[in-house]
Amino acid sequence: PQTTRNTIGLVASFTVSRSLLQAFEFWQHRLGVLGDTVAQAAYSQVLQELVSPSALRHTLASVVLLHFPDWSRGSERAAHDKFAAQVKGFGDAVCRYVSGG
């Protein structure tokens, strides 16, 4: 998404409904969080946004919304392994994002 320093970046592992976005914007203003607009990333692009050097890095703040059951579908063992790998990937991506690399 197009970003500026007055924008709050929002990325989610699920489709963000208009009502959820409106609630987010309401609380953003109610709590006095700076930022004029909310830039929403494409559907289910959490890891991609965190590792992309140009994605949400130019925003005032970034908010990540996760729905963990989406990451654990399938047989119990396969789901556990997939979930563990995705959580590790997410943790690695967050560390790279925070370190700027």
Side-chain angles (χ1 to χ4, degrees):
Q2 182 82 13
T3 58
T4 67
R5 291 302 299 168
N6 292 329
T7 301
I8 294 181
L10 177 65
V11 60
S13 64
F14 53 89
T15 300
V16 176
S17 67
R18 182 70 194 142
S19 59
L20 180 59
L21 189 56
Q22 287 171 335
F24 179 81
E25 290 170 341
F26 169 82
W27 284 108
Q28 171 192 355
H29 295 293
R30 179 79 172 173
L31 297 173
V33 177
L34 299 176
D36 300 329
T37 60
V38 175
Q40 186 177 347
Y43 167 76
S44 195
Q45 297 295 304
V46 175
L47 295 177
Q48 294 85 339
E49 288 292 328
L50 290 173
V51 299
S52 172
S54 62
L56 298 176
R57 294 184 190 271
H58 302 290
T59 59
L60 181 64
S62 298
V63 176
V64 178
L65 303 174
L66 300 175
H67 184 242
F68 285 112
D70 289 344
W71 283 3
S72 62
R73 292 188 178 140
S75 71
E76 188 172 320
R77 180 63 188 168
H80 176 271
D81 293 345
K82 180 181 176 186
F83 182 73
Q86 289 176 321
V87 168
K88 181 182 181 328
F90 177 72
D92 292 345
V94 168
C95 288
R96 283 192 301 275
Y97 180 80
V98 170
S99 70

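- Here the side chains of L21 and L10 are in contact, with some heavy-atom distance below 4.5 Å.
- Residues meeting the side chain to side chain contact (heavy atoms under 4.5 Å, CB included) test with S17, sequence neighbours left out: S19, L20.
- Remark: T15 OG1 to Q40 CD distance equals 8.5 Å, nearest 0.5 Å.
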